[in-house]
Undergrad: 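Here it is, the structure in full.
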2 protein chains.
Amino acid sequence: MSETATTRATDALRALIFKGALPPGSDHLEAELADRLGMSRTPVREALMRLEDQGLVTLRPRRGARIVGLSADDMNDIYEVLTAIESAAAARAASRALDAADLAPMRRAIADMENALAAGDLEAWAEADDTFHEGLLAASGNARFAETAARYTDQVRRARMVTLRLRPLPRRSNEDHLAVLDAIERGDSDSAGLLHRAHREQARVLLTALLREHQLTWV
Amino acid sequence: MSETATTRATDALRALIFKGALPPGSDHLEAELADRLGMSRTPVREALMRLEDQGLVTLRPRRGARIVGLSADDMNDIYEVLTAIESAAAARAASRALDAADLAPMRRAIADMENALAAGDLEAWAEADDTFHEGLLAASGNARFAETAARYTDQVRRARMVTLRLRPLPRRSNEDHLAVLDAIERGDSDSAGLLHRAHREQARVLLTALLREHQLTWV
DNA sequence: CACATCATTAACGTATACGTTAATCCATGC
DNA sequence: GCATGGATTAACGTATACGTTAATGATGTG
């Protein structure tokens, strides 16, 4: 496909950011990054603009691209948006008369979370959790929900690198997921929306408290 | 401030798109636009990338930048996202114990809409309507709500160029606005959210029907 | 006449060049 | 000692150059 230097730069920089190799709050000059990625400034510049639009960096002329950090307050705001989007998606999914086959990915994700929890594999749990939420957004049938949520799940994923091991085991979480899925399957739009909202709000309270406790002013 | 060619290009292209000078569905080469704006390809390219992230164009290598069009289905999806964001914003605003002074911009916008309606000035009404919705998002205290909504209000505004004169006079609309504002002022979070949701859903049904009737496959 | 193959070309992606300007440093004056 | 102003410099914004490649049309073949 179109394996342009700009896409390679975007992917590489995203990976570096998520790995923590470019830590939140750090500054990076275009030329420096270009060197590091073995290309000229042009594609790096374009990649940085895209990343700025994705909310991962802020461009500060002559001071470099700053990797954005996340305060507990930021995370709170982000969760609120995500909650609004996803619970609307859940309600809409419920109104679409989906059958078991359509919801299979979500059901499988729930099973994967169970297994991961039993095995004590937090990374696997997190991945399955992502899959569930992606499935929910897809089930809504409105691609713009997924598009909009993506920007914020990026940030949540970044924060989770830190919080995953600090938080209590997500036992209760899967009951929520099941309840949401059942509401969707039986076409109960209001319940699906409300249940999912409650689910996300719990996560919001839990995680922002965690970030605050540990003084994690950024991830 | 920083009046760079890229920002000038972005603003100019946005203006051309909203004016209809670059009609939905039309294709435009980088070099052509650069000529038209009296600059080199570089800043135009950067502007186009930003506009792509804003959902106003899609970049198709060697075929130019295509101005995105809006079908009735697109508008439906867009309204759903907007509804989710704004009603969450309304609910949050209600929970913040804002006083009359904080809500003054919204109240003024409502008055402006009344006056505009009485004067039969639809453009003024639309502008005041925007102001109300912006005020609502600002009142939420979560800047990310406004940020997220902006992308979609752009599209609604584009569609409105066409629908404004086709739709019935927005008489009922202002009652909704007042009810939402009152719910926010008395701190009734649930009502604020539900009322605003109902308000936006009415608009969604009305406008998508309008677009469908008139076979406006794009704006 | 349909279709495949090849040549042409023009739009793009990327590198590079260069002028502008904001940040930094140092000298000077208060 | 601190502030002010000017010189220095380096990062950026923009223009331009250039190789690559997809789209287009021509040519040949079944």
Side-chain angles (χ1 to χ4, degrees), chain A residues 1-17 20-69 147 150 218, chain B residues 1-17 20-69 147 150 218:
Chain A
M1 272 288 282
S2 52
E3 174 67 357
T4 80
T6 300
T7 59
R8 271 186 290 125
T10 309
D11 294 347
L13 291 174
R14 278 182 62 94
L16 288 172
I17 291 171
L22 303 179
S26 61
D27 292 324
H28 305 275
L29 301 175
E30 292 176 1
E32 169 212 328
L33 294 171
D35 260 16
R36 189 160 174 172
L37 300 179
M39 55 181 72
S40 77
R41 273 175 54 218
T42 308
V44 171
R45 225 179 119 75
E46 296 185 348
L48 287 175
M49 293 181 60
R50 293 236 122 107
L51 294 178
E52 185 177 42
D53 286 333
Q54 292 171 19
L56 291 175
V57 311
T58 57
L59 264 27
R60 315 190 317 154
R62 289 167 200 282
R63 325 191 71 164
R66 167 158 297 182
I67 313 300
V68 309
E147 229 172 79
W218 62 57
Chain B
M1 269 292 280
S2 52
E3 174 67 0
T4 78
T6 300
T7 58
R8 271 186 292 125
T10 309
D11 294 346
L13 290 174
R14 277 182 63 93
L16 288 171
I17 291 171
L22 303 178
S26 60
D27 292 324
H28 306 274
L29 301 174
E30 292 176 1
E32 170 213 327
L33 294 172
D35 260 15
R36 190 160 174 172
L37 301 179
M39 55 181 73
S40 78
R41 275 175 53 220
T42 308
V44 172
R45 228 180 117 73
E46 296 185 348
L48 288 175
M49 293 181 60
R50 292 237 122 107
L51 294 178
E52 185 177 42
D53 286 331
Q54 293 171 18
L56 291 175
V57 310
T58 57
L59 264 26
R60 317 189 318 154
R62 288 166 200 283
R63 323 192 74 165
R66 169 157 297 183
I67 313 300
V68 308
E147 229 174 78
W218 64 55

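The sequence lines fix the lettering, A, B, ..., with proteins before strands; numbering per chain opens at 1.
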Undergrad: What is the distance, to the nearest angstrom, from the CZ atom on B:R66 to the C1' atom on C:dA11?
TA: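 Taking CZ of B:R66 and C1' of C:dA11, I get 16 Å after rounding.
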Undergrad: Mark yes or no for whether B:E52, through its side chain, and B:L59, through its backbone, hold a donor-acceptor pair below 3.5 Å.
TA: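 Checked: pair present.
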Undergrad: With a 4.0 Å limit, can you tell me whether A:R41 has a side-chain N or O closer than that to the phosphate oxygens OP1/OP2 of C:dT16?
TA: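 Result: no.
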Undergrad: Rounded to whole Å, please give me the gap between CZ in B:R8 and C1' in D:dA15.
TA: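 Atom-to-atom, B:R8 to D:dA15, this comes out as 13 Å.
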Undergrad: Are A:R66 and A:H28 close enough that some pair of their side-chain heavy atoms sits under 4.5 Å apart?
TA: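 The answer is no; the side chains never approach within 4.5 Å.
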Undergrad: Between A:T7 and B:R62, name the one whose nearest nucleotide on DNA chain C is closer to the 5' end.
TA: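 First, find each residue's nearest nucleotide; the 5'-ward one identifies B:R62.
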Undergrad: Grab the two heavy atoms, one from B:V44 and one from B:A34, that are nearest each other, plus how far apart they are.
TA: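 For B:V44 and B:A34, the tightest heavy-atom pair comes out as CG2-CA, 3.6 Å.
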Undergrad: For A:T42 and A:A65, find the nucleotide of DNA chain D closest to each by heavy atoms; which residue's nucleotide sits nearer the 5' end?
TA: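 Per heavy-atom nearest nucleotide, the more 5' residue is A:A65.
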Undergrad: Nearest to the side chain of B:L29, heavy atoms from C-beta on, is which of C:dA15, C:dC12, D:dG13?
TA: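 In terms of side-chain proximity for B:L29, the closest of C:dA15, C:dC12, D:dG13 is C:dC12.
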Undergrad: Are B:E46 and B:R50 close enough that some pair of their side-chain heavy atoms sits under 4.5 Å apart?
TA: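 SC-SC contact between B:E46 and B:R50 ruled out.
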Undergrad: CG of B:L48 versus C1' of C:dA11: gap in Å, rounded?
TA: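 Those two atoms, CG and C1', are 13 Å apart.
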Undergrad: A:S40 has a side chain; which of D:dC12, D:dA15, C:dT16 sits nearest to it?
TA: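 So the nucleotide nearest the side chain must be C:dT16.
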Undergrad: Is B:T7 reaching over with its side chain to a backbone N or O of B:E3, donor-acceptor style, under 3.5 angstrom?
TA: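 No, B:T7 side chain to B:E3 backbone: no donor-acceptor pair under 3.5 Å.
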Undergrad: Ignoring backbone atoms, establish whether B:R63 has a side-chain N or O less than 4.0 Å from OP1 or OP2 of C:dA11.
TA: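 Checking B:R63 against C:dA11: no side-chain N or O falls below 4.0 Å of OP1 or OP2.
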Undergrad: Between D:dA15 atom P and B:D35 atom CG, what is the distance in whole Å?
TA: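 My rounded result for the distance is 12 Å.
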Undergrad: Return the value, rounded to whole Å, for the distance between atom CG of A:L59 and atom C1' of D:dG13.
TA: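 Interatomic distance, CG of A:L59 to C1' of D:dG13: 12 Å.
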Undergrad: Using whole Å, report how far CD of A:E46 lies from P of C:dG13.
TA: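 In whole Å, C:dG13 P lies 8 Å from A:E46 CD.
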Undergrad: How many whole angstroms separate atom CD of A:E30 from atom P of D:dA10?
TA: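 After rounding, the reported distance stands at 16 Å.
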Undergrad: Give the rounded distance in Å between these two atoms: CZ of A:R60 and C1' of C:dT21.
TA: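 It is 17 Å, rounded to the nearest whole Å.
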